[in-house]
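Worksheet for the structure shown next.
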2 protein chains.
Amino acid sequence: MTDETEILRLGTRAADAVVRELEARIVSGALPDGAHLPPERDLIDTYGVSRTVVREAVAQLASRGLVESRPRYRPVVRRPGADAALAAAGGVVGHLLRESGGVKNLYDTRILIEGALVRHAALQARKADIAALARALAENEAAVPDSERFYATDVAFHAVLYDIPRNPILPAVHKAFTAWLAEHWTKMPRSPERNRVNWLRHRDIFTAIQDRDPDAAEAALTSHLNAAWEYVRGTFEGL
Amino acid sequence: MTDETEILRLGTRAADAVVRELEARIVSGALPDGAHLPPERDLIDTYGVSRTVVREAVAQLASRGLVESRPRYRPVVRRPGADAALAAAGGVVGHLLRESGGVKNLYDTRILIEGALVRHAALQARKADIAALARALAENEAAVPDSERFYATDVAFHAVLYDIPRNPILPAVHKAFTAWLAEHWTKMPRSPERNRVNWLRHRDIFTAIQDRDPDAAEAALTSHLNAAWEYVRGTFEGL
DNA sequence: GCCGCCAGTTTGGTCATACCAAAGGCGACT
DNA sequence: AGTCGCCTTTGGTATGACCAAACTGGCGGC
């Protein structure tokens, strides 16, 4: 009954209380973004628990993205954003990508979402959005000879599409997609010729959006992404 | 440089090695799904580390959804699925929803995705898919007088849309959406009249899909979801 | 012979303490 | 004033102990 929504439930440990306390101090702003957490030994007598519990609490906060904890440094408070949520999912996604069809499934999901985005852009984009797209497109073109820079501007061009709806969740989704797929994507063989083809596709997408033609925009986008998939599918046999 | 993709990096602890070991034993099937982890004291001398490290390793596995750890029970191995990934993100999402506009952003994202799904359904749905939709629609209609059952069949109807592409990520996304939005959604005032209106919208969506008309399907879907939003927006002022 | 109850054992949760190594701060020295 | 190096702070790990709840097995009753 209850386990439906509590797949990851950790149960009621003493650490949970400390987690809630610290959580409250973070969201209330008492521990502002960027500040570091008090030393563990302070938290011990602040909350009257053992260091074991304190450490587990901090670990939980880290796994939730509320604090950023590097090996021997003081944990840094991070007000969570949509990207933190996606980052938290990253660990599991890594496993999914290793399974058969995992990459394909994720990529198809991306195509689905990005297809919707270009439709949205074609219908809703403001002048400033189209200008931003044009700029990204120009930088993309300028980078054609340099494969590394082309990849960066390629990502940037697609990123603009995620920015247009002005929904902070979407750029985070894009970041997550690129991070998760980057491993497979960056090993794709590249060349100025290849880059130029991709740039042409980007231009098609841009033109369709500029023309306010959602069907053409979606068609150009899916064709672009599917072609890219076909191009790299050999990289990961059957994934 | 490196922190771009390592938002949640925990650094190199001794626990990480144990995590990798156990991870390997899980994905290799040596620890099959449903089995429970060896006792902590066994892991201690299996890997030659202290119990502190073992416990941290198990906690990390739990946060990644590879094991399910309830308070005083042996952790149970869970082969991760897409739903585990989304569940991992749940903790942070809870905070996002408390922020201004958080619910709206999440809901808009849902509309974007589900709009793409109905388009896809209108273009790609097979006979069996349409039959499943028809069945869900019928059950939805039958539940009109019973608001609680209506909510369940409502969710089930939308779920069919996420099943059609046969991409396991999408049903997990749907589960995540409903779980995250349920808190706000279930407190929406309901009545058989209201249910009937919603059912009519569902029928519109179904008809459009059956007619292979993606534009009509998307329009019906967005109209349906936006109307629902307007109806409940008073529930959470300005969220 | 089967089932339920109870004690002993196992096992996860917490505490206390100690030690190490690296980070960070402070002061001396140049 | 700037730099180098020592000392303190602080996170990471190891031990060992204890508790309470879960588990197990055997005993006794039905």
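In this text, all values refer to a predicted model and were calculated from it rather than measured experimentally. Here is the naming used below: chain letters follow the sequence lines, and residue numbers restart at 1 for every chain.
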Next item on the list: List in chain and number order the residues that pass ring pair (Phe, Tyr, Trp, His ring centres under 6.0 Å) with B/F177, two or more places apart in sequence or in another chain; answer none if no residue qualifies.
Entry: none
Next item on the list: Kindly write out the residues that satisfy ring pair (Phe, Tyr, Trp, His ring centres under 6.0 Å) with B/Y151, not counting sequence neighbours, or none if the list is empty.
Entry: none
Give every pair of a protein N or O atom and an N or O atom of nucleotides 20-24 of chain C that lie under 3.5 Å apart, one pair per line with the distance.
unit_1, atom_1, unit_2, atom_2, d
C/dA21, N3, A/R72, NH1, 3.4

Next item on the list: Report the residue (B/T52 or B/E40) whose heavy-atom-nearest nucleotide on DNA chain C is the more 5′ of the two.
Entry: B/E40
Check: Within the pair A/S50 and C/dT14, is there a side-chain N or O less than 4.0 Å away from OP1 or OP2?
Finding: no
Item checked: Short side-chain N/O contact to D/dA22 OP1/OP2 from B/R74, under 4.0 Å -> no
Nearest whole angstrom, please: distance from the [atom2] of [N] to the [atom1] of [X].
X     : N      : atom1 : atom2 : answer
B/R70 : C/dT11 : CZ    : P     : 17 Å
B/E56 : C/dG13 : CD    : C1'   : 16 Å
A/Q60 : C/dT14 : CD    : C1'   : 15 Å
A/D42 : D/dT8  : CG    : P     : 18 Å
A/Y47 : C/dC15 : OH    : P     : 15 Å

Next item on the list: For B/R166, enumerate each residue passing the salt bridge (charged side-chain N to carboxylate O under 4.0 Å, His left out) test, keeping only those at least two apart in sequence or located in another chain.
Entry: B/D129
Next item on the list: Could you tell me which residues satisfy salt bridge (charged side-chain N to carboxylate O under 4.0 Å, His left out) with A/E141, sequence neighbours excluded, listed by chain and number?
Entry: none
Item checked: Pairs where residues 50-108 of chain A contributes a residue and the test ring-ring contact (aromatic ring centres under 6.0 Å, His included) is met, not counting sequence neighbours -> A/Y107-A/W185, A/Y107-A/W229
Note to self: Does A/L133 form a side-chain contact (heavy atoms from CB on, under 4.5 Å) with A/L137? I'd like the steps, not just the answer.
What the structure shows: CA-CA 6 Å; A/L133 268 179; A/L137 187 64; over 6 Å; no
Note to self: Going by side-chain contact (heavy atoms from CB on, under 4.5 Å), name the residues that satisfy it together with A/L37, two or more places apart in sequence or in a different chain.
What the structure shows: A/L31, A/V58, A/V67, A/P75, A/V77
Checklist line | Step-by-step salt bridge (charged side-chain N to carboxylate O under 4.0 Å, His left out) determination, B/K104 to B/D108 | finding: CA-CA 6 Å; B/K104 175 69 170 150; B/D108 283 345; 3.2 Å; yes
Check: For DNA chain D, which residues in residues 30-39 of chain A have a heavy atom at a distance below 4.0 Å?
Finding: A/P39
Identify each donor-acceptor pair in which a side-chain atom of residues 42-49 of chain B lies under 3.5 Å from a protein atom, sequence neighbours left out, and give them as a table.
unit_1, atom_1, unit_2, atom_2, d
B/T46, OG1, B/D42, O, 2.8
B/Y47, OH, B/R25, NH1, 2.9

Next item on the list: Mark yes or no for a side-chain to base donor-acceptor pair under 3.5 Å between A/R51 and D/dG12, with no hydrogen or angle criteria applied.
Entry: yes
